[in-house]
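Comments concern the structure below.
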Amino acid sequence: MMLILVTAKDRLAVRRERHQSGIWEMSDFDGTVVRRRRSGEAGGTAARVNDTGLQSQYQPYKDAAWGFVNHWYPALFSEELPEDAVEGVQICGVPIVLRRAEGKVFALKDQCVHRGIRLSAKPTCFTKDSITCWYHGFTFDLADGKLSTIVANPSDPLIGTTGLTAYPVEEVAGMIFVFVRDDDFPIEDVPPLAEDLPFRFPESSERFPHPLWPASPSLLDEGAVVKGMHRTGYADWRIACENGFDNAHILVHKDNAIVHALDWTLPLGILPTAEDCIEVVEDEGGPKGLMQWLFTDKWEPVLENERLGLKVEGLKSRTYRTSVVLPGVLMVENWPEEHVVQYEWYVPITSDTHEYWEILVRICPTEEERKAFDYRYRTFYKPLALNGFNDCDVYAREAMHDFYADGTGWDDEQLVSTDVSPITWRKVASRWNRGIAKPGRGVEGAIPTTSIRMRRAAEGVPPGYKVEKIED
Amino acid sequence: MMLILVTAKDRLAVRRERHQSGIWEMSDFDGTVVRRRRSGEAGGTAARVNDTGLQSQYQPYKDAAWGFVNHWYPALFSEELPEDAVEGVQICGVPIVLRRAEGKVFALKDQCVHRGIRLSAKPTCFTKDSITCWYHGFTFDLADGKLSTIVANPSDPLIGTTGLTAYPVEEVAGMIFVFVRDDDFPIEDVPPLAEDLPFRFPESSERFPHPLWPASPSLLDEGAVVKGMHRTGYADWRIACENGFDNAHILVHKDNAIVHALDWTLPLGILPTAEDCIEVVEDEGGPKGLMQWLFTDKWEPVLENERLGLKVEGLKSRTYRTSVVLPGVLMVENWPEEHVVQYEWYVPITSDTHEYWEILVRICPTEEERKAFDYRYRTFYKPLALNGFNDCDVYAREAMHDFYADGTGWDDEQLVSTDVSPITWRKVASRWNRGIAKPGRGVEGAIPTTSIRMRRAAEGVPPGYKVEKIED
Amino acid sequence: MMLILVTAKDRLAVRRERHQSGIWEMSDFDGTVVRRRRSGEAGGTAARVNDTGLQSQYQPYKDAAWGFVNHWYPALFSEELPEDAVEGVQICGVPIVLRRAEGKVFALKDQCVHRGIRLSAKPTCFTKDSITCWYHGFTFDLADGKLSTIVANPSDPLIGTTGLTAYPVEEVAGMIFVFVRDDDFPIEDVPPLAEDLPFRFPESSERFPHPLWPASPSLLDEGAVVKGMHRTGYADWRIACENGFDNAHILVHKDNAIVHALDWTLPLGILPTAEDCIEVVEDEGGPKGLMQWLFTDKWEPVLENERLGLKVEGLKSRTYRTSVVLPGVLMVENWPEEHVVQYEWYVPITSDTHEYWEILVRICPTEEERKAFDYRYRTFYKPLALNGFNDCDVYAREAMHDFYADGTGWDDEQLVSTDVSPITWRKVASRWNRGIAKPGRGVEGAIPTTSIRMRRAAEGVPPGYKVEKIED
């Protein structure tokens, strides 16, 4: 999602603010730098920015069709997993079973060590601290995944010598996060969830001033309430992610109801005007990603296109700002309203499906405020923003997929100056990801067409994120 | 489609005609020639005609699973593209967007240079002389495909340095033809449409006498009216094409309503009786293909099959003649009635789908004649010929596809003397095609199974020819 | 399917029986043998039984994704092929057309030598002793598959020099069996059907005593009546087959209606307690496979699992015994009732689909007994056993497929002592199969995704076993 507007008044306000605050210097911008960045030769044009040299800087990203592992991902909303419930999902090609027992959520690899069955397909649990494979009774401790018994074979020597990979779980503000790790990634090296979540405010207010809106809340704040949804997107997760903070696709949203209902007037686009229009964040022990200096003079709105006879007057919209951090978490501050922030994830399922998460966070200390937020969510945010507005982004991502599906799009795409955002993201993601997911092994989607996938399609069931339960 | 009949009287007529006209000599046919052609060893049988040596003569044809490029193909009927309309199709793996502006039709590669989106998925045009990508506003001149601006980035250096391949367009008799070229095929080398259309009459009447029917009209004649339809066929385009002029599959049509409604009595088949039963046409500057000497003594009807106790008496049907030219255009003269001609195309979409075109042409100088032709089309030609009769051909082609889909059919097929038609076609097509299409790159079908294809199937939408429009 | 129970009384009975009969010695069992078999290193665990050395012993089985050829398989029930009917099926990737003429059933390769069409798609027969391809009239003798004429080309030299592979057919007790052979497997080497059917009783009663139930009938017995069904399973045939005689998956059936309707109390499982708990049968000229010594002291029921706090008291169920022979035929003696036996086949269609056959056999000398058996079948066996109970097995097999579909499951699976059954089967099947089927060539499924498969899925038709007929 992306929408931008700066009014002259705003910009003055920003400059004044910055001058008064003295937080930073006016950028000493040398256009030639940008020009230099445009001197590639790839694709038969001298003007595309993503020349071969640049591409090599984000090769790891190009290799991550199945996503980045050893990161925290949202798996389910808490309400999707009540006490004793069992659900199966797939993230980065890794099948994962979640169970809530005594209130606590546990996550194990959802692939029995015996014959590879997904435990979640037919939940079977004899104790609060274990989950049993419904086929041959292999039973695993929820805490560490160890094979602790076999129903029909209590003394088999395999018991205690093997097990399922266990995934650390954090549950916060009604969301269940799982640290999807390689089987051999040491538990003791698992970073805190906060390292894979967006920048926090007011902690970051000094570094990233927001003179035009109040500090955005965080999922981790006390009293944070989350409203949102997730659905399967039929495209490469990277395509989806890049769309989230892309400043150049305003056009897609021009007909959206939210724009017209609120009587906004959008610019044609915005252009980077400074070398440091985007700030890369690579602090030790913190989220790795980028913050865009939107609504500052490092980005200028485009109000006219003479070739097309387009001219925008009386810009009118809300201010906001986008940033993205590994493993692909978007934050849109001050959106869709003040005191509300939107997060998005594009959780890789296979190399060409992802689970698209859209949530809104607001601090609601009282029950009354919760109710009001919930009502606002159901009547405005969900229909006009998470659907309506973002539905256009979903269409755009899926429309892009064929171009990238056979791998040729990464070479054939011709990027331009406004693509500084995705390019910067690709580079930071290449440097800081904790591992490139191997192609799924023995899982749904490892082979694009199995007879079961064809049968399901014939039954009207497309590939998805959650395991289909077996009815007896 | 194929249907044949010769009565003794007809043949006498033909002979007399030929004798009188003196246009040609009775063929001095030496059966041994044909026997020689049957001496291959391939496939473990000494009698199949397509031995390895012969196969090597049409290797280029075997390589053309994605079709032949640098040829003229029908893209749409004029009525499918009214003023300002935008449609996307795929031909030979090349995505093509068509737009009509100020009455003129333009065709560009339907794959934005930026991120590969199909422009046609959500038509966006700000001027009469351009088309804009709905995602990031990349705008291309309709005339030459040049990137002339970017909505949100009017001064980007990429502008003017790149663009989309533009395809020459000819619109005639209610049909829009596109010259599907390789990106580097010189515009100045584009041949006239007539070179990729069937032989014309009466221009060819002397060379290809038609004593049994009036000269067939041409799509290019003044007053030519076209009625027809196109639909997606789920088979290799070559399989479909070869079926069109194949003289040996009368059996498929034996139960068709048109046959019984008109009380025809079909022969069991027809056999080539002369070495020159088919004339290959390779004239400089003209269509390249073949004409079959049907209804002459170079082909004899088979009236009896003793092994099966089949005997045909009182042959009764209409006379006609089939020919085919590159890139795969069938003409059936004198069909389904006098003064009407049927053309067919088997336009490659992917390596295993094609758009099947069936049209009928008649010269209708007056509005009254137009109306009559249209009425006849709706009440007789379409239900009984283009559907009914040709539906059987569609089934046959799709039934053949599995055999050829993995490439083994080309080696395993065992052809016989009546297959002189497809074999001659394969050889002439191998010699005269203007280019073998590369497998689709970054397009629908480049990868047989994407998650989107599976989702569409689940929604009841099979792979097709036209782009699905995105609804806001 | 698998269900087991031994009561103390039963076991005493067995021992007494064995002592009195003196048929065999009490097994002098040395547990260490089993422990030794458990010392592999594969899969990173010292306790899994299928180490690399063991796996190499059944490599041929691992290579048999498309099944074993040169074996007898059920093709259709007699009632599916009335006089003059024609049906097409696919077994081990081989397309087969069946026709009944003058009461006799014939089977030929269902792939015309000419262009590979399946003759069965549009049955065309002009004589009782032939079948004709509906496309170009190629006609084959039913008896030997020889190309005996071409409708439209009665004197073509190909006639008599080529043909379709003919498959020996046996029809017994309402079932049609076809010997699916390689094209070059000599007819004279075709073994009798009995070699590919389960062990017979009472012939085998001495070798395999059954003190707890009467001798099981055989399909080949006089008066044998067969009731049953077949359906397509969306999984590798081996996965399906191994489930049939697997003693360790009782859990899957715990909620089945048949169990509760008959008020059975099942054990948690059964464990092999003797090295010779399974007897491998490799007699010259007889079925090759294995018999399991169920309901003897070579298998002990598991009544308790302390870790899970499970304890079974008052076991109550019926006794029975499973065996399996090549090419994958299960026999369940004394099931679902006395005097009835269940057979199952898992006929490979492609590498990831199989036709699942479930039949029940009973000797019914009189019409009255036939009627009673039929009534019992419709009201009890079919709903509660063949569906109900076995449906759970179908779900389990399909749930296992993703793990094996990409080939990795065979290496990743961690088998245990109770897997002695499938492991023994894999080894005997590797030694005695008559040929490993080559991947299908030019047939449905040779390429997992053709556009036709996608179109069919969109139309709600999944891949299947029988040919879809073409409607005119």
Side-chain angles (χ1 to χ4, degrees), chain A residues 95 111-118 121-122 124-127 130 132-139 141 147-163 183 439-460 467-468 470-472, chain C residues 35 38 43-48 234-235 239 246 248-252 255-256 267-271 302 304-310 350 352-353 392 395-396 398-406 408-409 412-419 445 448-449 453-454 456-463:
Chain A
Q111 188 176 57
C112 184
V113 299
H114 183 219
R115 306 297 302 263
I117 284 271
R118 294 195 70 164
K122 197 173 165 185
T124 304
C125 301
F126 293 105
T127 69
S130 70
T132 295
C133 180
W134 50 278
Y135 193 13
H136 294 95
F138 280 51
T139 302
D141 289 347
L147 176 67
S148 63
T149 191
I150 301 173
V151 170
N153 205 356
S155 60
D156 194 278
L158 189 65
I159 294 165
T161 70
T162 186
D183 298 338
R441 180 179 172 92
V443 298
E444 210 282 332
I447 287 182
T449 320
T450 56
S451 62
I452 290 177
R453 261 195 166 189
M454 295 304 286
R455 191 202 65 198
R456 291 220 177 102
E459 292 167 347
V467 167
E468 261 186 298
I470 291 173
E471 306 301 338
D472 264 337
Chain C
R35 267 194 296 289
R38 290 166 177 162
T45 161
R48 60 187 284 182
Y234 296 90
I239 299 309
D246 166 6
H249 73 273
I250 297 179
L251 202 60
V252 156
D255 299 330
N256 291 155
L268 301 178
I270 59 169
L271 290 179
V302 178
E304 183 163 14
N305 185 305
E306 288 187 1
R307 163 71 178 87
L308 301 177
L310 301 174
T350 66
D352 74 354
T353 51
C392 288
Y395 298 141
E398 297 189 351
M400 251 201 297
H401 186 63
D402 276 329
F403 188 61
Y404 291 87
D406 61 5
T408 59
D412 293 352
E413 59 178 9
Q414 295 183 34
L415 303 185
V416 292
S417 59
T418 45
D419 291 309
T449 320
R453 261 195 167 190
M454 295 304 286
R456 290 222 177 100
E459 291 167 347
V461 182

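In what follows, every chain begins at residue 1, and chains take the letters A, B, ... in the order their sequences are listed.
Only the side chain of Ile447(A) comes within less than 4.5 Å of a heavy atom of chain C; its backbone N, CA, C and O stay farther away. Both the backbone and the side chain of Ser148(A) have a heavy atom closer than 4.5 Å to some heavy atom of chain C. Within the 4.5 angstrom heavy-atom criterion, no atom of Glu459(A) approaches chain C. Within the 4.5 angstrom heavy-atom criterion, only backbone atoms of Val443(A) (N, CA, C, O) approach chain C. Neither the backbone nor the side chain of Ile159(A) comes within contact range of chain C; no heavy atoms are under 4.5 Å apart. Looking at Leu310(C), the atoms closer than 4.5 Å to chain A (heavy atoms on both sides) all sit in the side chain, from C-beta outward. Contacts of Ala121(A) with chain C are absent, with no heavy-atom separation under 4.5 Å from either backbone or side chain.
Scanning both residues, Gly269(C) and Ala152(A), for their nearest heavy atoms gives CA-CB, 3.4 Å. Here the shortest heavy-atom pairing between Gly442(A) and Asp406(C) reads N-OD2, 2.6 Å. Minimum heavy-atom separation, Trp134(A) to Ala396(C): CH2-CA, 3.7 Å. Between Pro463(C) and Arg455(A) the shortest heavy-atom distance is CD-N, 4.4 Å. Residues Glu304(C) and Pro154(A) come closest through the heavy atom pair O-CG, 3.6 Å. Of all non-hydrogen atoms in Ser451(A) and Ala235(C), the two that sit nearest each other are OG-N, 4.3 Å.
Between Arg441(A) and Asp412(C) there is a salt bridge, since a side-chain N of the basic residue sits under 4.0 Å from a carboxylate O of the acidic one.
No other option in Thr353(C), Leu415(C), Ile239(C) has as many heavy-atom pairs under 4.5 Å with chain A as Leu415(C). The candidate with the highest count of non-hydrogen atom pairs below 4.5 Å against chain A, out of Gly309(C), Ala458(C), Pro462(C), Gly445(C), is Pro462(C).
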List the steps and the verdict of side-chain contact (heavy atoms from CB on, under 4.5 Å) for Leu251(C) and Tyr135(A). CA-CA 6 Å; Leu251(C) 202 60; Tyr135(A) 193 13; over 6 Å; no
Practice problem: Take Arg456(C) and Met454(A) through the test side-chain contact (heavy atoms from CB on, under 4.5 Å) and record every step on the way to the result. | Solution: CA-CA 9 Å; Arg456(C) 290 222 177 100; Met454(A) 295 304 286; over 6 Å; no
May I have the step-by-step check of side-chain contact (heavy atoms from CB on, under 4.5 Å) for Cys112(A) and Gln414(C), ending in yes or no?
CA-CA 9 Å; Cys112(A) 184; Gln414(C) 295 183 34; over 6 Å; no
Derivation of the side-chain contact (heavy atoms from CB on, under 4.5 Å) call for Leu271(C) and Asn153(A): CA-CA 7 Å; Leu271(C) 290 179; Asn153(A) 205 356; 2.9 Å; yes
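A donor-acceptor pair is defined here as one N or O able to donate and one able to accept, closer than 3.5 Å; no such pair exists between the side chain of Asp156(A) and the backbone of Val416(C).
For the residue pair Tyr404(C) and Arg115(A), a side-chain donor N or O sits within less than 3.5 Å of a side-chain acceptor on the partner. Side chains of Asp402(C) and Thr450(A): no donor on one and acceptor on the other come within 3.5 Å. The closest side-chain donor-acceptor pair between Asp246(C) and His136(A) falls under 3.5 angstrom.
Taking CG of Leu308(C) as the reference point, atom OG1 of Thr132(A) lies at 5.0 Å (rounded to 0.5 Å). Rounding to the nearest 0.5 angstrom, the gap separating the NE2 atom in His114(A) from the CE atom in Met400(C) is 8.5 Å.
With a 4.5 Å cut-off on side-chain heavy atoms, Phe403(C) and Ile117(A) do not count as touching. Using a 4.5 Å heavy-atom cutoff, the side chains of Asp141(A) and Arg307(C) are in contact.
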